[in-house]
Amino acid sequence: MRRCFSHALCGLADDGVVAIPREDLSTLIDQVRETADAKFGDYSGTMAMGLAKKAGRKPRELAVEIITRLARSPEFAAIFEPPGDPVGPGFINVTVRADALSAAVLAACRDARFGVPIVADPETVVIDFSSPNVAKPMHVGHIRSTVIGDALARILAFRGHRTITDNHLGDWGTQFGMILWGWKRFGDEAAFATDPTAELGRIYRTVRKLTDGKPDELSADLGLADLAAKYPDAGREVLLETARLHEGDAENKALWERFMPACLADIEKIYRRLDVTFDHRLGESFFHPFLAFVVEDLQQKGLARESRGAIGVFLDGDDKPPFLVRKADGAFLYATTDLATIQWRLAHWKPDRILYVVDHRQGQHFDQLFQTARRWGLGDVDLVHVAFGTVLGDDGRPFKTRAGDTVGLESLLDEGVERALAVVATDDAMATDERQRVATTVGIGAIKYADLSQNRTTDYVFSFDKMLQLTGNTAAYMQYAVARVEGVLEKGGIDRETLRRSATEILLADPKERALALEIMRFGEVLEDVEADYRPNLLTAWLFDLAACYSSFYDALPILKASEPERASRLALCDLTGRVLRQGLELLGIGTVRKM
RNA sequence: GCGCCCGUAGCUCAGUUGGAUAGAGCAUGGGAUUUCUAAUCCCAGGGUCACUGGUUCGAGUCCAGUCGGGCGUACCA
């Protein structure tokens with residue numbers, strides 16, 4: 001609906017009333033927003049004030065000009081009431097026409113996309129997310145990248161972009177050297193046969209503590225202290241094992257090939273539970289053959305040079321830390337891999353954009369990476385670091401178990417489902433297996449929703465108690481709203497296809513009907529805003545508003561018991577609300593149930 | 001030291017890139033059920049937007065500084 005302003009603004013520009021650069025037009029249109037207060041109408045435009053300043057005009061005068069043009073535009077008049085005079089310093093407040101809203105809702109009822117348009121210029125977007133290290137079990141730190149990345153991929157695809165999701169697995173770095181080193185010294189064949197990833201996880205944790213553990217961490221564990229005494233040079237030896245793997249050492253390569261399938265299977269199991277899929281899983285190992293070329297080419301083009309035995313790109317002068325692409329011992333770094341990856345993706349996928357859904361702590365790395373890529377001349381692709389904050393525990397410290405270990409993702413999901421089961425279990429009428437299914441949907445949904453509903457840039461406090469609340473801005477509240485819609489339609493024995501076909505008019509006489517309809521019609525705008533800043537929390541906030549509008553509508557007005565023609569109209573609204581809510585949750589990777 | 005991010009109600013957080021009287025949820029207090037899922041709805045209280053100055057019609061938002069916190073900072077990813 002915002003778009004209706006564009007004609008009037010173009011007109012202004014063409015008439016030379018004010019100079020509006022074409023590229024500013026969309027940001028001006030973005031300034032058309034839903035009003036803070038219903039008494040100001042439905043939408044409000046604030047562009048007159050800003051434009052007046054630049055043009056040296058009086059804001060109200062300019063607002064009147066815009067209003068005149070709006071009123072003349074047939075496209076505008078079809079959707080909005082004739083606008084009144086500007087309010088205050090120059091607000092242009094408009095109200096959607098009842099007949100236009102009603103017609104739009106009716107069209108949405110019959111449309112598989114609810115009237116949400118496909119983007120005008122679809123782009124090819126690579127979304128790089130999750131990217132766990134395969135050598136260690138996935139933990140709570142991976143949840144944000146996985147959940148946010150998956151949601152963004154779903155949303156961009158729904159908007160009409162060509163999306164390519166890629167899981168850039170950490171399957172080749174130092175952490176694998178740790179496993180190799182540890183396996184050779186205290187690997188347990190029997191334990192590996194029983195539960196491969198558990199054994200590899202044990203080795204990883206032990207070696208990590210040996211190589212970068214704090215003194216008190218070492219002294220707290222007698223066995224660990226012994227190992228530390230026995231292998232004082234563990235850190236260096238680990239790097240040596242990593243280097244051997246990269247050089248193609250037969251023994252290490254064989255072990256790598258032996259360990260990988262179990263690692264991958266373990267990770268896949270988590271993705272299945274989370275309902276997350278990838279188009280590609282091109283890990284670090286895949287790009288290994290291209291790394292030498294990256295360094296050579298950077299050197300040859302005079303971008304990288306030797307320093308203290310290593311090779312790096314000096315981006316901010318000689319005194320600032322360079323972007324290292326090769327270590328003094330000859331090994332490559334993840335900077336090298338990331339550069340090779342960009343190059344490979346550009347050559348094979350020709351993307352317009354690449355999104356990296358990665359922890360904000362790696363901001364500097366991406367600044368350097370993007371700068372280097374541009375200097376290297378890798379083309380005019382948009383490289384975006386979609387950063388997010390840390391997951392914290394109740395104490396405000398990074399989320400850990402009481403023993404101080406990181407929380408495994410598997411057990412986290414288990415606990416979410418288990419707690420959801422306790423909440424759902426109050427209804428004895430439900431069969432056990434169905435209850436289990438509902439608990440799974442509610443539990444996993446709660447974990448995802450809690451994460452997505454937070455502004456991604458801030459750290460967030462992980463709390464099962466809060467995310468599983470049945471009231472407030474939670475997955476359960478939203479899923480409940482969907483289940484209530486199902487309940488009404490089921491109770492009325494309504495065939496939804498027939499309902500959609502036979503609906504002839506949507507009546508919006510009651511303010512609650514109107515508010516619900518207006519909210520539903522904002523779906524497309526919200527998705528547009530989500531993409532603009534890669535912020536799924538705008539979608540959760542809107543879903544919450546929508547569910548609240550529905551609850552309010554449902555509470556105040558009879559539906560099945562209403563008389564015609566209200567009954568058919570309200571049933572159509574119910575059906576549409578349910579579908580839109582379900583679609584919105586699906587775009588977040590969250591499932592729904594028919595009963596709960 | 002330098003760089004990036006953050007500081008909003010008792011708690012957890014929004015705040016649409018500078019807009020109208022700073023909003024939700026939880027918690028607290030009150031109310032609604034002969035009626036489609038009350039896992040709901042309606043109403044109320046609760047704020048020096050860390051602090052100081054600046055920019056302008058207008059600042060939680062932009063600029064400068066101060067205080068407090070987090071993260072990063074040459075061969076881990």
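By convention in this document, chain letters (A, B, ...) are assigned in the order of the sequence lines, proteins followed by strands, and residues within each chain are numbered from 1. Computed from heavy atoms alone, side chains included, the values below leave out hydrogens, waters and symmetry copies.
- If you look at A:His385 and A:Phe370, their ring centroids are not closer than 6.0 Å.
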Show me the protein contacts with nucleotides 34-36 of chain B, counting only N or O atoms at under 3.5 Å.
{"from": "B:U35", "atom 1": "O2'", "to": "A:Lys561", "atom 2": "NZ", "distance (Å)": "2.1"}
{"from": "B:C36", "atom 1": "O2", "to": "A:Leu560", "atom 2": "N", "distance (Å)": "3.0"}
{"from": "B:C36", "atom 1": "N3", "to": "A:Ile559", "atom 2": "N", "distance (Å)": "3.2"}
{"from": "B:C36", "atom 1": "N4", "to": "A:Tyr554", "atom 2": "O", "distance (Å)": "2.5"}
{"from": "B:C36", "atom 1": "N4", "to": "A:Leu557", "atom 2": "O", "distance (Å)": "2.6"}

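- At whole-Å resolution of the value, CD in A:Gln368 and C1' in B:C4 are 12 Å apart.
- Annotation: B:G25 and B:G45 have their P atoms spaced 14 Å apart (nearest Å).
- When the nucleotides B:C13, B:U37, B:A77 are ranked by their closest atom to the side chain of A:Lys595, B:U37 comes out on top.
- Two rings, from A:His168 and A:Phe129, have their centers 6.0 Å or more apart.
- Shown here are the salt bridge (Lys or Arg N to Asp or Glu O under 4.0 Å) partners of A:Asp545, two or more places apart in sequence or in another chain: there are none.
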What one-letter contact string describes nucleotides 68-74 of chain B from 5' to 3', where B marks a base within less than 4.0 Å of any protein heavy atom, S marks contact via sugar-phosphate atoms alone, and - marks no contact?
---SSSB
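- Across the P atoms, B:U8 and B:C51 are found 10 Å apart, a figure rounded to whole Å.
- Going from atom CG of A:Asp367 over to atom P of B:C2 covers 19 Å, rounded to whole Å.
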What pairs of nitrogen or oxygen atoms, one from the protein and one from nucleotides 18-23 of chain B, lie under 3.5 Å apart?
{"from": "B:A20", "atom 1": "N6", "to": "A:Ser44", "atom 2": "OG", "distance (Å)": "2.8"}
{"from": "B:A20", "atom 1": "N6", "to": "A:Asn93", "atom 2": "OD1", "distance (Å)": "2.6"}
{"from": "B:A20", "atom 1": "N6", "to": "A:Asn93", "atom 2": "ND2", "distance (Å)": "3.4"}
{"from": "B:A20", "atom 1": "N1", "to": "A:Asn93", "atom 2": "ND2", "distance (Å)": "3.2"}
{"from": "B:U21", "atom 1": "O4", "to": "A:Lys39", "atom 2": "NZ", "distance (Å)": "2.2"}

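- Base engagement by A:Ala328 is indicated by at least one non-hydrogen atom pair under 4.0 Å involving a base atom.
- A heavy atom lying under 4.0 Å from RNA chain B marks the following residues of residues 475-485 of chain A, by number: A:Tyr477, A:Tyr480, A:Ala483, A:Arg484.
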I'd like a list of close polar pairs between nucleotides 25-27 of chain B and the protein, N/O only, cut-off under 3.5 Å.
{"from": "B:C26", "atom 1": "OP1", "to": "A:Thr471", "atom 2": "OG1", "distance (Å)": "2.9"}

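- Remark: the backbone N or O of A:His142 is paired with a side-chain donor or acceptor of A:Thr146 at under 3.5 angstrom.
- Under the rule for a salt bridge (Lys or Arg N to Asp or Glu O under 4.0 Å), A:Arg308 has no partner lying at least two apart in sequence or in another chain.
- Spacing of P atoms, B:A22 relative to B:U48, comes out at 13 Å, to the nearest Å.
- The interatomic distance linking A:Asp533 (CG) with B:U61 (C1') rounds to 14 Å, in whole Å.
- The residue A:Ile311 sits apart from the nucleic acid: no heavy atom pair falls under 4.0 Å.
- Ring centers of A:Phe40 and A:Phe91: at least 6.0 Å apart, outside the cut-off.
- Rounded to whole Å, the P atom of B:C67 lies 25 Å from the corresponding atom of B:C11.
- Going from the P atom of B:A9 to that of B:A24 covers 15 Å, rounded to whole Å.
- Annotated as syn: B:U17, whose O4'-C1'-N torsion sits within 90° of 0.
- Residue A:Leu210 contributes atom CG, which lies 17 Å from atom P of B:C76 at whole-angstrom precision.
- A residue-by-residue look at A:Glu486 and A:Ala547 shows that A:Glu486 has its nearest nucleotide of RNA chain B further toward the 5' end.
- As a whole-Å value, the separation of A:Phe464 CZ from B:U12 C1' is 16 Å.
- Nucleotides B:U34 and B:A27 are separated by 33 Å at their C1' atoms, to the nearest Å.
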How does RNA chain B read in dot-bracket, base by base from 5' to 3', with Watson-Crick or G-U pairs under 3.5 Å and | used when the partner is on another strand?
(((((((..((((.....[...)))).(((((.......))))).....(((((..]....))))))))))))....
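- In this structure, A:Leu539 atom CG and B:A14 atom P are separated by 16 Å, rounded to whole Å.
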Distance-only donor-acceptor hits, side chain of residues 478-490 of chain A, under 3.5 Å, sequence neighbours excluded:
{"from": "A:Gln479", "atom 1": "NE2", "to": "A:Thr441", "atom 2": "O", "distance (Å)": "3.4"}
{"from": "A:Gln479", "atom 1": "NE2", "to": "A:Gly591", "atom 2": "O", "distance (Å)": "2.9"}
{"from": "A:Arg484", "atom 1": "NH2", "to": "A:Ser551", "atom 2": "OG", "distance (Å)": "3.2"}
{"from": "A:Glu486", "atom 1": "OE1", "to": "A:Arg496", "atom 2": "NH1", "distance (Å)": "3.3"}
{"from": "A:Glu486", "atom 1": "OE2", "to": "A:Arg496", "atom 2": "NH1", "distance (Å)": "3.1"}
{"from": "A:Glu486", "atom 1": "OE2", "to": "A:Arg582", "atom 2": "NH2", "distance (Å)": "2.1"}

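- Contact between the side-chain N/O atoms of A:Ser552 and the OP1/OP2 oxygens of B:C42 is found at a separation under 4.0 Å.
- Note: A:Phe464 and A:Phe462 have perpendicular aromatic rings, judged against thresholds of 30 and 60 degrees for the angle between ring planes.
- Panel note: side chain A:Asp166, backbone A:Leu282; a donor-acceptor pair is recorded below 3.5 Å.
- In this structure, CG of A:Leu470 is placed 13 Å from C1' of B:U37, rounded to the nearest angstrom.
- Comparing the same atom, P, in B:G7 and in B:U61 gives a spacing of 11 Å after rounding to whole Å.
- Note on A:Arg522: nothing from the nucleic acid sits closer than 4.0 angstrom, heavy atoms only.
- A:Arg236 pairs by the salt bridge (Lys or Arg N to Asp or Glu O under 4.0 Å) definition with A:Asp233, not counting sequence neighbours.
- With sequence neighbours excluded, the residues that form a salt bridge (Lys or Arg N to Asp or Glu O under 4.0 Å) with A:Arg570 are A:Glu513.
- Between B:C63 and B:G18, the distance separating the two C1' atoms is 13 Å to the nearest Å.
- Partners of A:His288 by ring pair (Phe, Tyr, Trp, His ring centres under 6.0 Å), not counting sequence neighbours, listed by chain and number: A:Trp172, A:His246.
- Here the C1' atom of nucleotide B:C5 and the NE2 atom of A:His385 are 12 Å apart, to the nearest Å.
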